[in-house]
Amino acid sequence: MSDTGAARLNELWKRGTEFLGSEYAILGGAMTWVSERNLVSAISNAGGFGVIACGGMDTDLLAKEIAATRELTDKPFGVNLITLHPDLDNLIAVCREQNVSHVVLAGGLPSGGAISAIKDFGAKLMCFAPTATLAKKLVRSGSDAIVIEGNEAGGHIGPVSTSVLAQEILPVVQNVPVFVAGGIGRGEVIASYLEMGASGVQLGTRFVVAEECVAHENFKKAFISAKARDAVASVQIDEKFPVIPVRALKNEGTEQFMVTQREIVSKFHSGEIAQDDGQMQIEHYWGGALRRAVVDGDVQTGSVMAGQSVGMAKRVEPTQNIINELVEQAQNHLG
Ligand SMILES: Cc1cc2nc3c(=O)[nH]c(=O)nc-3n(C[C@H](O)[C@H](O)[C@H](O)COP(=O)(O)O)c2cc1C
């Protein structure tokens, strides 16, 4: 490790580490069913910044998860809430009661009410921005930091790659810290985004294979044997039946999804089903599928959400090793 590299890295992500209150400006991106107390605390204890994925949890479960995470770490961590959650207001109230320091709002543009409810209790708010214009709007509305997440990422994705988002957004959004996510697997690229003006980064896929991560053994094995090209975006076959794009490892489930869509489209054209019914069936296809893969280990028909950096997740290892390796690579690159 080079001292010059270490000093340069500290300087480059200072704004990010100060914002997060962590040693390194590496966020463990919230992953539904995956980012619970064990992984979140392990990331924060290793010097990164863990984020609990609320996903579909109710208020009681979220309160328990936050309290249990606090039992495992005295370092800062955040909570990721999905804006479409029907009980969002009460989940925000749980964050207030639990004195959560950082809230990440994901899954669509947050309402003014949600933003002010979070700001009112003094938490730092982070929002995802898909364009420079929306990033600026979110900052004006009160977002304290922005996450830009490219199409290489695992899970729900936007249409634009991380490298293009970084070029479009980093030069023009400079008044708040910006964290870059999607396709990050090594420290050299972390250093590069920091040099372009990012304050930190967010990784999901690489942390799935952390020893402390509770994901089923089959889920981790699928990651370890997968290559970048196996992590594919879901395909929509008819514009009348929109599909929310998700990046996951291809398996029987992703193949069957194509067959199911074709059947639905053909039934619609022959007048057997209404468009609404068809759309509902498409939306329900993946219901419970992430849980089935992560918790039950059904990696054949479940949704094995993974980013293209999956090829760089090579072994199960302690979170501390993953973070140390990323930091060392970044330092060497800069030194
Ligand atoms: C299995 C899985 C589940 C995810 N669930 C969520 C989620 O609930 N909320 C969210 O904001 N992002 C979610 N993400 C995205 C991650 O937080 C993170 O931004 C993304 O994984 C970063 O890209 P990478 O996978 O290339 O590292 C998920 C990603 C994966 C792989």
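Both counts, for ligands and for their atoms, begin at 1 and track the order of listing.
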Heavy-atom proximity to atom 12 (N) of ligand 1 ranks first, among G155, A30, G56, for A30
Using a 4.0 Å cut-off to any heavy atom of A106, which atoms of ligand 1 qualify?
11 (O)
M305 heavy atoms, cut-off 4.0 Å: which ligand 1 atoms fall inside?
1 (C), 2 (C), 31 (C)
Derivation of the side chain to side chain donor-acceptor pair (under 3.5 Å) call for N90 and D87
CA-CA 6 Å; N90 288 322; D87 209 14; 2.8 Å; yes
I want to know if ligand 1 touches V34 in the polar sense, i.e. an N/O pair below 3.5 angstrom.
no
Would a distance-only check, ignoring hydrogens and angles, find a side-chain to backbone donor-acceptor pair under 3.5 Å from T319 to I43?
no
Would you find a donor on one side and an acceptor on the other, under 3.5 Å apart, between the side chain of S234 and the backbone of V246?
yes
To check your reading of the model: name the closest protein heavy atom to atom 18 (C) of ligand 1, its residue, and the distance in Å.
E149 OE2, 3.4 Å
Under a 4.0 Å heavy-atom limit, does R206 contact ligand 1 with its side chain, its backbone, both, or neither?
neither
Among E252, Q256, R292, find the residue that satisfies the side-chain contact (heavy atoms from CB on, under 4.5 Å) test when tested with Q300.
E252
Answer with yes or no whether S309 contacts ligand 1, where contact means a heavy atom under 4.0 Å from a ligand atom.
yes
Nearest protein heavy atom to atom 29 (C) of ligand 1, by residue and atom, and its distance?
G154 O, 3.4 Å
Quick one: does ligand 1 sit under 4.0 Å from the side chain of N80, the backbone, both or neither, non-hydrogen atoms only?
side chain
Charged N-O contact under 4.0 Å between E263 and K267
no
By number and element, which atoms of ligand 1 are closer than 4.0 Å to a non-hydrogen atom of G204?
21 (O), 22 (C), 24 (P), 27 (O)
Just need the protein heavy atom nearest to atom 23 (O) of ligand 1, so name the residue and atom and give the distance.
A153 CB, 3.3 Å
Are the side chains of F77 and H102 in contact, using a 4.5 Å heavy-atom criterion?
no
Result for salt bridge (Lys or Arg N to Asp or Glu O under 4.0 Å) between R37 and one of E71, E212, E65 points to E65
Spell out, as yes or no, whether a donor-acceptor pair under 3.5 Å connects the side chain of H333 to the backbone of G5.
no
Give the atoms of ligand 1, by number and element, whose distance to some non-hydrogen atom of G182 is under 4.0 Å.
22 (C), 23 (O), 26 (O)
If you count the atoms of ligand 1 from 1 in the order shown, which ones are under 4.0 Å from a heavy atom of G29?
17 (O)
For the residue pair S161 / N151, report whether a side-chain donor-acceptor contact shorter than 3.5 Å exists.
no
Starting from atom 8 (O) of ligand 1, which protein heavy atom do you reach first, and at what distance in Å?
T32 OG1, 2.5 Å
Aromatic rings F268 and F241: how do their planes relate, parallel, tilted or perpendicular, breaks at 30° and 60°?
perpendicular
Of all the atoms in ligand 1, which lie at a distance below 4.0 Å from a heavy atom belonging to G183?
24 (P), 26 (O)
With heavy atoms of L203 as the reference, note each atom of ligand 1 found under 4.0 Å away.
27 (O)
Would the Y24 and F49 ring centres measure less than 6.0 Å apart?
no
Just need the protein heavy atom nearest to atom 24 (P) of ligand 1, so name the residue and atom and give the distance.
T205 OG1, 3.6 Å
Looking only at protein heavy atoms, identify the closest one to atom 30 (C) of ligand 1 and say how far it is in Å.
M31 CG, 3.6 Å
